[in-house]
Amino acid sequence: MLQDYDVIVVGGGHSGNEAAAAAAKLGSKTLLISMNLETLGQMSCNPAIGGIAKGQIVREIDALGGLTGIITDKSAIQFKLLNLSKGPAMWSPRAQCDRMEFSRTWRLSLERIPNLDFWQDMVIGLIIENETVVGVKTSMGLSIKAKSVILNSGTFLNGTIHLGEKQFGGGRMGEKAAFGLTKELENLGFVSGRMKTGTPPRVDGRSLDFSKMEEQPGDMNPKKFSFSNETKHLTKQRSCWITYTNSEVHEMLKTGFDKSPMFNGAIKSIGPRYCPSIEDKINRFAHRERHQIFAEPEGWNTIEYYINGFSTSLPEDVQMRAMKLIPGFENAKMFRPGYAIEHDYFPPTQLQHTLETKLIKNLYFSGQINGTTGYEEAASQGLMAGINAHLKVKNKDPFILNRSEAYIGVLIDDLITKGTEEPYRMFTSRAEYRILLRNDNADLRLTHKGYNLGLASEERMKQVEIKKNTTIELIDFIKNTSAKPENINPILNKLNSSPIKQKVRMDSILCRPNVTIEHLIEGSEKLKEKINSFDYAMEEIKEQTQILIKYDGYISREKGVAEKIERLDYVNIPFDFDYNKFSTLSTESKEKLNNIKPKTIGQASRISGIKPSDISIILIGLGR
């Protein structure tokens with residue numbers, strides 16, 4: 001028999017791995033149960049981490065002491081910082097990874113954590129006593145006791161794979177689905193639903209004609225995800241390639257629409273709005289003559305390519321014929337076709353901010369079981385669930401991030417306050433305070449929190465302090481040092497910026513459009529000497545300094561707004577608050593408030609459909 005545990009983590013995907021690592025590193029005796037230990041951390045869909053807003057989440061995970069950023073850096077084959085033509089709030093890191101190396105590195109990293117045990121089995125039920133989870137039941141007939149349980153089921157709960165008119169059970173192609181848990185959770189009073197996701201075909205790179213595609217190389221000076229010194233910047237990279245569909249491709253795809261589970265009623269659930277299948281694209285956007293198709297390498301030493309933009313569940317023969325009409329794919333050989341998958345999820349309004357369920361104590365849900373899509377969203381939930389399960393077991397206060405502190409805070413608050421009826425994906429537009437939540441300052445925002453928890457190392461904390469103090473010192477120097485006309489004007493003339501007639505403080509010049517800190521350094525020996533005197537990674541410091549000076553007004557204004565709004569989050573609402581006694585609240589408002597049971601006025605104000613007048617009524621009811 002297996003021993004009793006503090007925390008049992010069910011599922012070894014991105015969410016489960018972060019949850020298990022966090023709980024074990026913090027000191028809880030942790031067991032990770034996976035149906036297949038050979039696929040821990042597998043990239044089930046695209047071989048990439050990061051992207052718009054998702055990259056910010058990964059940097060936040062890293063700043064707190066999670067592992068996804070480090071694993072990504074160690075397995076990356078390309079790095080790009082997206083949205084550089086926009087402001088720094090929109091800059092989003094993204095890395096292509098070696099799929100096999102990513103999974104291997106996750107496995108090795110988890111095996112190095114002393115408090116973490118592993119068990120290969122399927123969890124089919126929970127052990128519940130007095131509305132509290134006390135363990136799990138497995139398909140081998142084992143009952144394993146634990147003080148808390150985190151469910152990270154991914155797409156495996158009653159998973160059904162769709163390929164044309166074919167349907168078969170599975171959580172991923174070639175892997176069986178998980179059964180039993182949904183029914184048991186429903187019997188406990190949980191409400192479940194179905195969601196759909198999909199994946200494109202994989203092809204033999206040797207059969208592609210890249211001369212007919214546009215090369216998409218990585219950045220000339222690639223950055224990395226992790227703030228730690230444990231990883232290094234890439235010195236070589238692999239390129240992706242872009243091509244386009246055309247009217248012939250679209251017409252060929254249409255020949256399979258009658259057999260498409262998307263259109264013949266076989267798939268009844270909702271798929272990701274912002275990552276539609278190729279058949280959905282040409283159906284919904286019939287006016288579009290072409291759609292982008294990316295050929296992305298799966299690793300350093302493999303010929304397999306992931307065909308981003310061609311997600312589909314059409315019959316495999318239609319997929320193949322249509323693909324051969326794409327420029328560069330005329331002789332393409334398919335490794336495996338694309339397919340759609342439906343799986344069970346549980347609307348996340350049934351959770352607290354800690355990701356603990358409201359119905360059963362010490363039971364946590366994280367990842368796609370909560371209706372999210374994406375490795376990054378899953379990993380961040382796993383990290384937070386692992387932290388909070390550990391804290392609950394040790395009788396410590398919960399760890400919650402608010403919306404002005406992290407994208408992770410936005411993600412969790414959106415899920416439990418608004419819920420989701422379609423796969424939830426993070427975007428910068430979801431964050432009200434995105435100028436505060438930049439990818440470059442995730443360590444300054446969160447590492448002290450990770451350090452106080454015991455996740456981020458002392459070395460990390462010292463690094464952040466040096467970065468913070470060095471940045472303050474450099475900003476102070478620039479604000480109190482003047483540029484001389486004879487030194488800076490030649491540079492301003494090149495930039496078509498008005499010359500100065502007398503000495504001017506450097507910060508005012510840096511606030512001009514197109515002027516960078518590098519221009520100031522070029523025009524000031526004093527500034528050059530100052531920067532050379534520092535012993536820290538100066539690219540980070542220069543970037544931080546430039547952003548904080550250029551966007552000072554926006555940052556200050558957003559901080560002020562955040563502070564005002566967050567005061568509402570300090571006005572608590574009792575759990576048993578009776579909304580039904582207010583005749584002036586609409587029936588819809590009462591239903592939503594009784595269902596979600598917001599803990600604060602701030603959370604109540606963010607519930608979809610709750611009006612300012614409703615908030616006023618509740619405040620009066622609270623005697624305020």
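All of these numbers come straight from a predicted model, not from anything done at the bench. Just so you know, residue 1 is the first one in the sequence shown, and it goes up from there.
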Item to check | ring pair (Phe, Tyr, Trp, His ring centres under 6.0 Å) involving F179 - partner list, sequence neighbours excluded | outcome: none
Item to check | Name of the residue among D62, D443, N229 meeting side-chain hydrogen bond (donor to acceptor under 3.5 Å, both in side chains) with R460 | outcome: D62
Checklist entry - In terms of side-chain geometry, is the basic nitrogen of K29 or D6 positioned less than 4.0 Å from the acidic oxygen of its partner? => result no
Next on the checklist: Can you confirm whether the side chains of Q56 and S92 place a donor and an acceptor under 3.5 Å from each other?
Outcome noted: yes
Item to check | side chain to side chain contact (heavy atoms under 4.5 Å, CB included) evaluation trace for I8 with S148 | outcome: CA-CA 6 Å; I8 288 179; S148 63; over 6 Å; no
Checklist entry - Ignoring hydrogens and geometry, is there a side-chain-to-backbone donor-acceptor pair from N595 to E591 under 3.5 Å? => result no
Next on the checklist: side chain to side chain contact (heavy atoms under 4.5 Å, CB included), that's the test. Do L415 and Q381 meet it? Break it down for me.
Outcome noted: CA-CA 11 Å; L415 289 175; Q381 292 172 70; 4.0 Å; yes
Next on the checklist: What I want to find out is whether R567 reaches E563 closely enough, with some N-O distance under 4.0 Å, to be called a salt bridge.
Outcome noted: no
Checklist entry - In a check of salt bridge (charged side-chain N to carboxylate O under 4.0 Å, His left out) between R606 and each of D569, D414, D614, which one passes? => result D569
Next on the checklist: Given the ring of Y375, does K54 sit roughly above its face, with NZ or CZ under 6.0 Å from the centre of the six-membered ring and within 45° of the axis?
Outcome noted: no
Next on the checklist: Between S228 and S226, do the side chains contain a donor N or O and an acceptor N or O under 3.5 Å apart?
Outcome noted: yes
Next on the checklist: Salt bridge check, R104 against E101: does any charged N sit closer than 4.0 Å to a carboxylate O?
Outcome noted: yes
Checklist entry - Hey, do the aromatic rings of F577 and F575 have their centres closer than 6.0 Å? => result no
Next on the checklist: Can you confirm if the aromatic rings of F102 and H14 lie within a centre distance of less than 6.0 Å?
Outcome noted: yes
Checklist entry - When you measure from the centre of the six-membered ring of F227, is the NZ or CZ of R59 under 6.0 Å away and within 45° of the axis? => result yes
Next on the checklist: According to ring pair (Phe, Tyr, Trp, His ring centres under 6.0 Å), does anything in residues 403-435 pair up with another residue at least two apart or in another chain? List the pairs.
Outcome noted: Y274-F427
Next on the checklist: Please enumerate all residues that pass ring pair (Phe, Tyr, Trp, His ring centres under 6.0 Å) together with Y339, with sequence neighbours excluded.
Outcome noted: none
Item to check | Exceeds 12 heavy-atom contacts within 6.0 angstrom, atom CD of E131 | outcome: no
